[in-house]
Amino acid sequence: MKLLRALIRGRRRVIRPGRERLPEGTYIELVQSLFGYTFPAMIMTLCFAGTGAYLTARTDDALMLLFYGLGLIASAIRLFVLFGMRRRVMAPGIGIHVARAIERSFGFAYVGFAAAFGAFAGRAYVVIGSVAKIVKLEHAWRRLNGWSDDGFQVAPFPG
C-alpha cells in the first residue's frame with residue numbers, strides 16, 4: 001500500500017523508516033565534529049605507547065611486540081589523519097563528497113588502531129596473566145594503604 005501511495009505522489013523511492021538520509025549540512029557538521037577534539041586521541045596514544053613499552057620490556061614475546069608495533073603505526077596514522085585533515089574538513093564550503101571521503105579515512109584509521117589495540121591487549125592477557133592477577137594487585141594495594149575492602153570483596157588468591 002505504501003508503494004502505491006508513493007507511486008501516486010510521484011516519489012521515486014520508498015524509504016523505509018529509520019533509513020532516512022540526513023540533510024547535507026547536518027552530515028557535514030557531524031563529520032566536522034569528529035575533528036573537534038584532539039586531546040582524547042593524544043591521551044589514547046600516550047597511554048597505549050607507555051603501557052605497551054612497559055609490558056613489552058618485561059616479556060620476550062615476539063607476537064606481543066609485533067602487535068605493539070602495529071598499534072604504534074596505526075596510532076600514528078590515526079593522529080596524522082586527525083591533524084592532517086582537520087584544516088581541510090573545517091574549511092568553509094566543504095562538499096558532501098569530500099566530507100564522505102574524510103569520514104571514511106577517519107573511520108579506517110580508528111578501526112585500524114582498535115584492531116591493533118585489541119590484538120595487543122588480547123595477547124598481553126595471554127602472556128602476562130589473567131584478570132585475577134590484577135584483582136590480586138588491587139587487593140594488596142588497598143591493604144598496603146590501610147583501606148577497607150568494603151564493596152571490593154575478593155576471595156584470597158593462593159600465591
Practice task
Decide whether Phe113 and Tyr37 are clustered together by the hydrophobic rule: side chain heavy atoms of Ile, Leu, Val, Met, Phe, Trp, Tyr closer than 4.5 Å, transitively.
Solution key: no
Problem - Trace of the side chain to side chain contact (heavy atoms under 4.5 Å, CB included) decision for Val31 with Phe106 - result: CA-CA 9 Å; Val31 172; Phe106 182 88; over 6 Å; no
Problem - Close side-chain approach of Val81 to Tyr110, heavy-atom, < 4.5 Å - result: no
Exercise for the section: Kindly check if the number of other-residue, nucleotide or ligand heavy atoms within 6.0 Å of CZ (Phe117) is above 12? Expected result: no
Exercise for the section: Check whether any side-chain N or O of Ser105 sits under 3.5 Å from a backbone N or O of Ile102 as a donor-acceptor pair, and report yes or no. Expected result: yes
Exercise for the section: Report, as yes or no, whether the 6.0 Å neighbourhood of atom CZ on Phe80 holds more than 12 heavy atoms from other residues, nucleotides or ligands. Expected result: no
Problem - Side-chain (Arg123) to main-chain (Leu65) donor-acceptor, under 3.5 angstrom - result: no
Problem - Tyr68 side chain vs Leu63 backbone, donor-acceptor pair below 3.5 Å - result: no
Practice task
Work out which heavy atom in Ile28 is nearest to a heavy atom in Gly95; give both atom names and the distance.
Solution key: CD1-C, 4.0 Å
Fill in the blank from the handout: Closest heavy-atom pair, Leu72 versus Phe48, reported as atoms and distance to 0.1 Å, is N-CE2, 3.6 Å
Practice task
Hey, could you give me the CZ/CE distance between Arg58 and Met64, rounded to the nearest 0.5 Å?
Solution key: 10.5 Å
Exercise for the section: Verify whether the ring centers belonging to Phe35 and Phe83 lie closer than 6.0 Å. Expected result: no
Practice task
Answer yes if Leu79 and Phe39 sit in the same cluster of Ile, Leu, Val, Met, Phe, Trp and Tyr residues linked by side chain heavy atoms under 4.5 Å apart, and no otherwise.
Solution key: yes
Handout entry: ILVMFWY cluster, Met90 and Ile94 together (side-chain gap under 4.5 Å)
Key = yes
Practice task
Please check if the side chain of Ser33 supplies one atom and the backbone of Leu30 the other of a donor-acceptor pair under 3.5 Å.
Solution key: yes
Practice task
Using the rule that two of Ile, Leu, Val, Met, Phe, Trp, Tyr join whenever any of their side-chain heavy atoms come within less than 4.5 Å, decide whether Phe108 and Leu82 are in one cluster.
Solution key: no
Practice task
Give a yes-or-no answer on whether the side chains of Thr45 and Arg78 include a donor-acceptor pair shorter than 3.5 Å.
Solution key: yes
Problem - Note, Thr38 side chain near Arg86 side chain (heavy atom, < 4.5 Å) - result: yes
Problem - Check: Arg100 and Ile96 side chains under 4.5 Å, non-hydrogen atoms - result: yes
Handout entry: Where Tyr27 and Ala99 come nearest, the two heavy atoms and their spacing
Key = CE2-CB, 4.2 Å
Exercise for the section: Establish whether Val111 and Leu70 are linked, either directly or via other cluster members, by ILVMFWY side-chain heavy-atom contacts under 4.5 Å. Expected result: no
Exercise for the section: Look up atom CG in Leu66 and atom CG in Asp61, then write down how far apart they are to the nearest 0.5 Å. Expected result: 10.0 Å
Problem - Under 3.5 Å: donor-acceptor pair, side chain of Thr51, backbone of Cys47 - result: yes
